[in-house]
Participant: 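Before I ask anything, let me first share the structure, which is written out below as structure tokens.
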Amino acid sequence: MLTGKTALITGGAKGIGRAIALKMADENANVAIVYRGSEQSALDTQKEILAKGVHCAIYKCDVADFTATKALVTQVVKDFGSFQILVNNAGIKADKLLIAMKEEDFDTVIATNLKGAFNMTKHAGTLFLKQRQGRIINISSVSGLMGNIGQCNYAAAKAGLIGFTKSTAKEMALRQVTCNAIAPGFIDTDMTKKLQPEIKEEIIKLIPLKRLGQAEDIANLCVYLSSELAGYITGEVIKVDGGLYI
Ligand code: NDP
């Protein structure tokens with residue numbers, strides 16, 4: 001489905017990003033994986049992808065760093081010739097009740113989850129507009145739609161990402177570049193493994209499908225949004241949450 005395409009996935013070494021990277025490779029796309037600290041996971045994922053017979057390279061970069069993301073995009077273009085798919089998946093959380101939240105907890109989450117997407121999209125978007133081709137997928141969250149206790153920083157970043165997605169979609173549509181957001185519910189990754197078992201049980205009670213999602217549930221939609229089948233979809237926010245927020 002994605003033969004001849006290259007996808008750049010931030011946070012592609014682990015969790016949801018890793019599943020997206022593997023699924024893109026299954027569909028014959030070449031893959032550029034961006035990681036920040038998890039070098040071994042990045043190398044393992046790269047090995048798995050290369051075994052599928054597509055090209056894959058890994059890049060260490062902090063998406064919150066504007067200058068570093070510019071250099072990253074230049075390097076990926078040098079290595080792959082170009083790329084057509086950008087998945088802004090890198091994200092962190094620093095959950096605390098608002099009254100206990102430190103300024104740093106707010107700033108770092110906004111810097112990675114929201115400004116990181118701006119940095120990547122600005123540099124990649126310039127390329128996409130020039131080549132009149134591109135798919136941008138932002139991994140938001142249902143927290144950005146419904147809010148969540150202990151996540152005023154994270155929910156603000158993820159809600160901001162939705163406004164960012166819609167504005168980018170409008171700005172880039174004339175050149176056939178699409179931009180969509182995926183809003184996952186609770187997905188079984190390192191991010192949710194940190195939840196206490198009793199809290200996880202309470203969450204599952206709230207989900208109509210009565211289970212956490214898998215990273216592959218997000219990856220499937222990502223591949224679809226990157227494909228020719230989704231060429232007329234832009235500015236959308238699609239929930240993948242087992243019905244949590246209906
Ligand atoms: P993980 O913690 O497993 O993975 C997060 C990834 O983001 C890691 O690969 C990490 O790389 C990367 N990352 C974090 N900060 C930076 C940075 N500054 N620069 C570059 N890369 C960075 O989380 P998930 O896979 O669960 O989450 C992926 C995305 O999905 C996030 O945006 C998250 O907010 C979102 N999401 C997740 C949900 C869930 O239930 N799991 C629900 C809703 C949304 P490294 O380890 O190398 O630092």
Side-chain angles (χ1 to χ4, degrees), residues 8-23 31-46 58-69 71-73 76 86-95 105 107-120 123 137-148 150-151 153-162 164-165 181-195 199-200 203-204 206-207 211-219 221-222 237-242 244-245:
L8 188 164
I9 299 147
T10 67
K14 287 182 10 185
I16 291 172
R18 178 177 185 277
I20 294 169
L22 291 170
K23 195 70 82 177
V31 182
I33 288 174
V34 179
Y35 69 98
R36 184 184 50 172
S38 303
E39 185 168 19
Q40 193 51 54
S41 304
L43 286 166
D44 292 346
T45 306
Q46 180 192 31
I58 62 169
Y59 302 87
K60 183 177 169 69
C61 178
D62 179 350
V63 296
D65 181 335
F66 185 81
T67 311
T69 53
L72 165 73
V73 167
V76 171
L86 168 67
V87 184
N88 287 312
N89 163 79
I92 53 168
K93 64 187 181 117
D95 295 0
D105 296 324
D107 289 347
T108 52
V109 169
I110 298 287
T112 294
N113 297 10
L114 183 56
K115 193 180 169 232
F118 163 76
N119 291 342
M120 290 303 305
H123 304 311
I137 300 165
N138 296 320
I139 307 299
S140 178
S141 167
V142 286
S143 282
L145 294 168
M146 59 195 275
N148 200 14
Q151 292 198 319
N153 51 357
Y154 183 85
K158 295 299 190 181
L161 199 49
I162 289 171
F164 177 77
T165 299
I182 299 176
F186 286 93
I187 309 297
D188 195 7
T189 66
D190 283 356
M191 200 174 255
T192 43
K193 277 193 178 72
K194 290 172 199 154
L195 291 170
I199 294 186
K200 209 182 252 185
I203 289 168
I204 288 172
L206 299 172
I207 302 172
R211 57 184 168 86
L212 297 187
Q214 298 302 310
E216 290 71 26
D217 294 321
I218 311 303
L221 179 56
C222 237
V237 183
I238 305 175
K239 289 176 282 145
V240 181
D241 67 347
L244 175 65
Y245 186 46

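Values in this document were obtained by computation on a predicted structure and should not be read as measured data. Both counts, for ligands and for their atoms, begin at 1 and track the order of listing.
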Participant: Once you measure the plane-to-plane angle for Phe118 and Phe66, does it fall in the parallel (<30°), tilted (30-60°) or perpendicular (>60°) bin?
Facilitator: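 The arrangement is parallel - the two ring planes meet at less than 30°.
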
Participant: Give me the nearest non-hydrogen protein atom to atom 37 (C) of ligand 1 as residue plus atom name, then the distance to 0.1 Å.
Facilitator: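 Its nearest protein heavy-atom neighbour is Ile16 CD1, 3.7 Å.
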
Participant: State if Gly185 counts as touching ligand 1 under the rule of any non-hydrogen atom under 4.0 Å.
Facilitator: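 Within the 4.0 Å threshold, so yes.
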
Participant: Just to confirm my output: which protein heavy-atom neighbour is closest to atom 48 (O) of ligand 1, and how far is it?
Facilitator: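 Answer for atom 48 (O) of ligand 1: Gly37 N, 3.2 Å.
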
Participant: What part of Ile187, side chain from CB on, backbone N/CA/C/O, both or neither, has a heavy atom under 4.0 Å from ligand 1?
Facilitator: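 The part of Ile187 near ligand 1 is both the backbone and the side chain.
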
Participant: Mind checking whether Asp62 contacts ligand 1 via backbone (N, CA, C, O), side chain (CB onward), both or neither, at a 4.0 Å heavy-atom cut-off?
Facilitator: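 It is both parts that get close, each with some atom under 4.0 Å.
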
Participant: Which ligand 1 atoms, with their elements, are less than 4.0 angstrom from a heavy-atom of Phe186?
Facilitator: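 Here the atoms of ligand 1 in question are 40 (O).
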
Participant: Which of the atoms in ligand 1, numbered in the order shown and given with their element, are less than 4.0 Å from a heavy-atom of Gly15?
Facilitator: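 Listed by number with element, the hits are 3 (O), 25 (O).
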
Participant: Hey, is ligand 1 close enough to Thr189 that some N/O pair sits below 3.5 Å?
Facilitator: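 Among all N and O atoms of Thr189, at least one is under 3.5 Å from an N or O of ligand 1.
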
Participant: One residue to check: Lys93. Relative to ligand 1, which of side chain, backbone, both or neither has a non-hydrogen atom less than 4.0 Å away?
Facilitator: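 Neither part.
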
Participant: Can Cys61 be said to touch ligand 1, with heavy atoms closer than 4.0 Å?
Facilitator: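 In this structure, Cys61 qualifies as a contact of ligand 1 - some heavy atom is under 4.0 Å.
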
Participant: For Ser143, state whether at least one heavy atom is located under 4.0 Å from any atom of ligand 1.
Facilitator: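 Per 4.0 Å heavy-atom rule, Ser143 does not contact ligand 1.
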
Participant: Is Arg36 close to ligand 1, meaning an N/O of one under 3.5 Å from an N/O of the other?
Facilitator: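 Min N/O separation from ligand 1 is below 3.5 Å for Arg36.
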
Participant: Taking heavy atoms and a distance under 4.0 Å, where does Asn89 meet ligand 1: side chain, backbone, both or neither?
Facilitator: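 It is both backbone and side chain that touch ligand 1.
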
Participant: With heavy-atom distances below 4.0 Å as the criterion, list the atoms of ligand 1 near Gly91.
Facilitator: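 The list of qualifying atoms is 5 (C), 7 (O), 14 (C), 31 (C), 32 (O).
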
Participant: Determine whether the side chain, the backbone, both or neither of Val63 has a heavy atom under 4.0 Å from any heavy atom of ligand 1.
Facilitator: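 For Val63, the contact with ligand 1 is made by both the backbone and the side chain.
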
